[in-house]
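Structure first, commentary second.
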Amino acid sequence: MNWGSLDEFWAMGGYGFYVWGSYAVAFACLALEIFFLRRRSREAKA
Amino acid sequence: MSAAIKWFWFASPQTFFPLAGTIARACWLGSALLAAAGLYVGFFVAPTDAQQGEAYRIIFIHVPAAWMSMFLYVLMAFWAALGLAFNTRLSGMMASALAPTGALFTFIALWTGALWGRPTWGAYWVWDARLTSELILLFLYLGFMALQAAIDDPRRADRAGALLAIVGVVNVPIIYYSVQWWNTLHQGASVSLMRSPSMASTMLSGMLLMALAFWLYSIAAALTRVRCIIRERE
């Protein structure tokens with residue numbers, strides 16, 4: 001285990017902005033693609 | 001049924017449609033499970049890097065996304081070439097279905113690279129051979145999608161897109177070997193097929209789990225999209 005507390009986990013040793021900025025945008029992109037794919041599937045079925 | 005006949009049987013969009021749905025569902029599930037495992041290993045098992053501290057943890061999405069961006073382009077060009085050679089309808093549909101997911105992974109690789117470059121190199125962006133050729137890859141994906149969107153007849157759009165995809169494939173080895181051919185700020189590969197990887201085994205396993213998760217995600221997304229395209233066109 002690398003983290004003593006939740007604060008330490010969010011801080012990422014001072015690199016929190018870069019690490020969480022990467023992960024947040026990457027997973028937001030994937031979530032958006034899934035959202036648009038589901039919408040397109042529904043529209044294609046109709 | 002012989003193997004060759006089976007392949008051509010599935011090359012028909014109608015027979016491929018239900019199969020694609022089954023594979024896609026399994027891949028969505030597998031991708032979510034592998035991503036959960038990969039994130040767990042990446043954040044809780046893999047140790048802090050001696051040189052880069054915690055900033056290195058971006059590697060768990062950066063490298064798998066960069067691999068997928070290149071691999072999906074080659075796959076897209078392969079389907080495009082198959083479509084040109086055999087004039088099969090499904091091939092062009094597969095190429096079109098792969099492009100948005102490939103573009104997405106290219107963007108993720110560039111974005112996470114920028115956020116990794118700032119703390120380690122001191123700059124979000126440099127015009128380095130690796131970064132520049134990856135940016136060109138993004139433009140190739142976007143160009144392919146824009147070209148196909150601009151042509152009304154889907155079969156003609158497939159052929160025009162196929163040409164662009166095949167010409168652009170020359171960029172992929174340039175990206176891959178850029179760190180060897182030029183003196184780049186971007187570091188060389190830590191993982192290759194030729195030698196044992198130069199990183200801690202827990203770091204490597206986290207990265208490979210995420211790479212597998214992105215693989216399954218790409219398969220699921222592409223197959224879901226090809227089902228939409230089949231429905232829309234036929």
Side-chain angles (χ1 to χ4, degrees), chain A, chain B residues 21 24 28 31-32 35 39 42-49 52-62 64-65 97 100-101 103-120 124 202 210 213-214 217-218 220-225 227-234:
Chain A
M1 181 62 86
N2 299 304
W3 323 100
S5 68
L6 200 62
D7 283 346
E8 244 178 81
F9 181 66
W10 290 123
M12 276 291 140
Y15 295 112
F17 170 74
Y18 304 105
V19 173
W20 298 123
S22 297
Y23 278 84
V25 170
F27 283 101
C29 283
L30 300 183
L32 267 180
E33 187 183 25
I34 292 173
F35 170 77
F36 283 118
L37 265 176
R38 286 179 70 110
R39 204 173 67 175
R40 189 171 172 183
S41 299
R42 265 202 312 275
E43 280 167 7
K45 255 179 226 165
Chain B
W28 285 125
S31 167
L39 289 175
F43 280 102
F44 297 105
V45 181
T48 305
D49 186 71
Q52 299 190 16
E54 309 298 350
Y56 96 91
R57 292 188 197 277
I58 296 172
I59 201 174
F60 299 116
I61 40 175
H62 177 73
T101 305
L104 193 74
F105 278 118
T106 312
F107 171 75
I108 292 174
L110 287 167
W111 176 270
T112 56
L115 282 175
W116 198 359
R118 185 71 180 85
T120 45
Y124 284 110
T202 46
M210 289 305 287
F214 282 3
Y217 174 91
S218 304
L223 289 180
T224 307
R225 191 174 289 112
R227 274 163 63 91
C228 296
I229 296 174
I230 292 172
R231 272 221 172 91
E232 286 159 6
R233 285 196 195 175
E234 314 238 330

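On a predicted model such as this, the values are computed, not experimentally measured, just so you know. Note on naming: letters A, B, ... go to the chains in the order of the sequence lines (proteins, then strands), and numbering restarts at 1 for each one. Note that these values count all heavy atoms, side chains included, but never hydrogens, waters or copies made by symmetry.
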Tell me, yes or no, whether the heavy-atom count around A:Arg38 atom CZ, taken from other residues, nucleotides or ligands under 6.0 Å, exceeds 12. no

Chain B contact via A:Phe36 - which portion, at a heavy-atom distance below 4.5 Å: neither

Using non-hydrogen atoms only, which part of A:Leu30 is less than 4.5 Å away from chain B: side chain, backbone, both, or neither? both

Indicate the atoms forming the closest heavy-atom contact of [X] with [Y], along with that distance.
{"X": "B:Cys228", "Y": "A:Ala44", "value": "O-CB, 4.1 Å"}
{"X": "A:Val19", "Y": "B:Glu54", "value": "CG2-O, 3.6 Å"}
{"X": "B:Pro100", "Y": "A:Glu33", "value": "C-OE2, 4.2 Å"}
{"X": "A:Asn2", "Y": "B:Ala46", "value": "ND2-O, 3.0 Å"}

Which region of [X], side chain (C-beta onward) or backbone (N, CA, C, O), has a non-hydrogen atom less than 4.5 Å from a non-hydrogen atom of chain A, or is it both or neither?
{"X": "B:Phe107", "value": "side chain"}
{"X": "B:Leu39", "value": "side chain"}
{"X": "B:Leu115", "value": "both"}
{"X": "B:Leu104", "value": "side chain"}

Taking the side chain as every heavy atom from C-beta outward, state whether [X] and [Y] have any pair of such atoms under 4.5 Å apart.
{"X": "A:Tyr15", "Y": "B:Ile58", "result": "no"}
{"X": "A:Leu37", "Y": "B:Arg227", "result": "no"}
{"X": "B:Arg118", "Y": "A:Phe17", "result": "no"}
{"X": "A:Tyr18", "Y": "B:Thr120", "result": "no"}
{"X": "A:Arg40", "Y": "B:Arg231", "result": "no"}

Keeping the roles fixed (side chain from A:Trp3, backbone from B:Phe43), state whether a donor-acceptor pair exists under 3.5 Å. yes

What option among B:Ala65, B:Ala220, B:Gly53, B:Ala55 has the most heavy-atom pairs under 4.5 Å with chain A?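 Highest number of pairs under 4.5 Å: B:Ala55.
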
